[in-house]
Amino acid sequence: MLLSSPWRPWLIPNAVLLVGMATWGTLRYPHLPGRIPKHIGADGVDAWTDRSIGSAFLLVFVYAGVTILMAGCAELTLRVTPHDELPDSQASPFAAAQAASSLLNRPRNRLSAQRTARALLLFNTCIGVSFLAGCGILWRPTPDANVPAWFFAAMTLPLLVGSAVTVAAAVKDRKQ
């Protein structure tokens, strides 16, 4: 029943990432130094903060919030009446008002709405992978200002992939 909606199985990777990040952070927290990275700039860590639950788990908390937001957007996408299910605008004045209210952002059909919901949740998974790379730097055992060369790519590439998939789903809907 919990996974009966067509998009809910797509939440599983997000939940696994969230639980994995929280578990990893919980295991690493006692071993973190007194100062942890607050900001990472082009030349590495350029700001530090004292270790606290809020500073150490900031990426986990943000990812939990983004996951709730994306799951809500996916649910609302599936609840919108698609173009092909709108009543005939000639039938009544209410039908004409509903048809004209938001034609631009309405999915073409149920399949399109499902595709968009899945794309949003896949984008959220990509955000989680990106944040996982950030946790790798945040939770290092020693305060080191140097950041490995792979870090920028590990943070950026998942976001680009997720964005591309989401845009492709939207473009496919517009072309139909």
Side-chain angles (χ1 to χ4, degrees), residues 2-78 105 113-174:
L2 177 65
L3 298 176
S4 62
S5 179
W7 64 268
R8 288 192 182 123
W10 288 80
L11 273 175
I12 292 171
N14 300 304
V16 168
L17 274 169
L18 188 57
V19 168
M21 270 197 276
T23 303
W24 184 27
T26 302
L27 294 173
R28 291 291 312 135
Y29 186 76
H31 308 290
L32 292 178
R35 289 178 355 151
I36 60 174
K38 180 179 182 180
H39 184 265
I40 300 170
D43 296 328
V45 178
D46 57 11
W48 299 88
T49 188
D50 293 331
R51 179 182 76 174
S52 68
I53 298 290
S55 62
F57 287 89
L58 180 64
L59 290 176
V60 178
F61 297 148
V62 169
Y63 184 56
V66 169
T67 299
I68 291 168
L69 179 68
M70 291 291 216
C73 288
E75 178 67 27
L76 291 175
T77 298
L78 294 173
N105 294 323
Q114 289 175 358
R115 184 174 39 250
T116 302
R118 286 191 307 261
L120 286 171
L121 295 176
L122 180 62
F123 186 29
N124 190 55
T125 301
C126 293
I127 291 169
V129 170
S130 178
F131 280 13
L132 201 58
C135 290
I137 299 300
L138 186 65
W139 296 334
R140 293 188 289 188
T142 57
D144 185 6
N146 296 322
V147 176
W150 57 262
F151 178 71
F152 180 73
M155 287 288 291
T156 307
L157 285 176
L159 297 175
L160 291 175
V161 168
S163 298
V165 169
T166 305
V167 168
V171 167
K172 186 171 183 175
D173 181 44
R174 296 292 179 236

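Here the OH-CG distance, from Y63 to L58, works out to 15.0 Å after rounding to the nearest 0.5 Å. Here the OG1-CZ distance, from T77 to R118, works out to 12.0 Å after rounding to the nearest 0.5 Å. Between atom OG1 of residue T116 and atom CG of residue L121 there is a gap of 11.0 Å, rounded to the nearest 0.5 Å. The line from CG of N14 to CG of L122 is 8.5 Å long, rounded to the nearest 0.5 Å. The CG atom of D50 sits 10.0 Å away from the NZ atom of K38 when rounded to the nearest 0.5 Å. To the nearest 0.5 Å, the span separating CG on L138 from CZ on F57 amounts to 9.5 Å.
When side chains are defined from C-beta on, I137 counts as touching P148, because their heavy atoms get closer than 4.5 Å.
Applying the side-chain contact (heavy atoms from CB on, under 4.5 Å) test to M155 and every residue at least two apart in sequence or in another chain returns S130, A133, F151. Here I68 pairs with nothing under the side-chain contact (heavy atoms from CB on, under 4.5 Å) rule; sequence neighbours left out. Taking the side-chain hydrogen bond (donor to acceptor under 3.5 Å, both in side chains) definition, one finds that S52 meets it with S55, sequence neighbours left out. The side-chain contact (heavy atoms from CB on, under 4.5 Å) search around V167 returns V171, not counting sequence neighbours. Residues forming a ring-ring contact (aromatic ring centres under 6.0 Å, His included) with W24 (at least two apart in sequence, or on another chain): W139.
Within the structure, no pair that satisfies the side chain to side chain donor-acceptor pair (under 3.5 Å) test touches residues 148-166, not counting sequence neighbours.
The nearest pair of heavy atoms linking G44 to V147 is CA-CG2, 3.6 Å. When all heavy atoms of M70 and I127 are compared, the closest pair comes out as CE-CD1, 4.1 Å. Between C135 and L59 the shortest heavy-atom distance is N-CD1, 3.7 Å. In terms of heavy-atom proximity, L18 sits nearest to V60 at CD1-O, 3.8 Å. Minimum heavy-atom separation, L120 to A74: CD1-N, 4.1 Å. Taking both residues in full, the closest heavy atoms of P30 and T26 are given as CD-O, 3.4 Å, listed atom of the first, atom of the second, then distance.
Put simply, the side chain of R35 never gets that close to the backbone of P143: no donor and acceptor are under 3.5 Å apart. R140 places no side-chain N or O within 3.5 Å of a backbone atom of P33 that could act as its donor or acceptor partner.
Within 6.0 Å of CZ in F152 there are 12 or fewer heavy atoms belonging to other residues, nucleotides or ligands.
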Q: Please step through side chain to side chain contact (heavy atoms under 4.5 Å, CB included) for the pair L32 and Y29, ending with a clear verdict.
A: CA-CA 5 Å; L32 292 178; Y29 186 76; 3.9 Å; yes
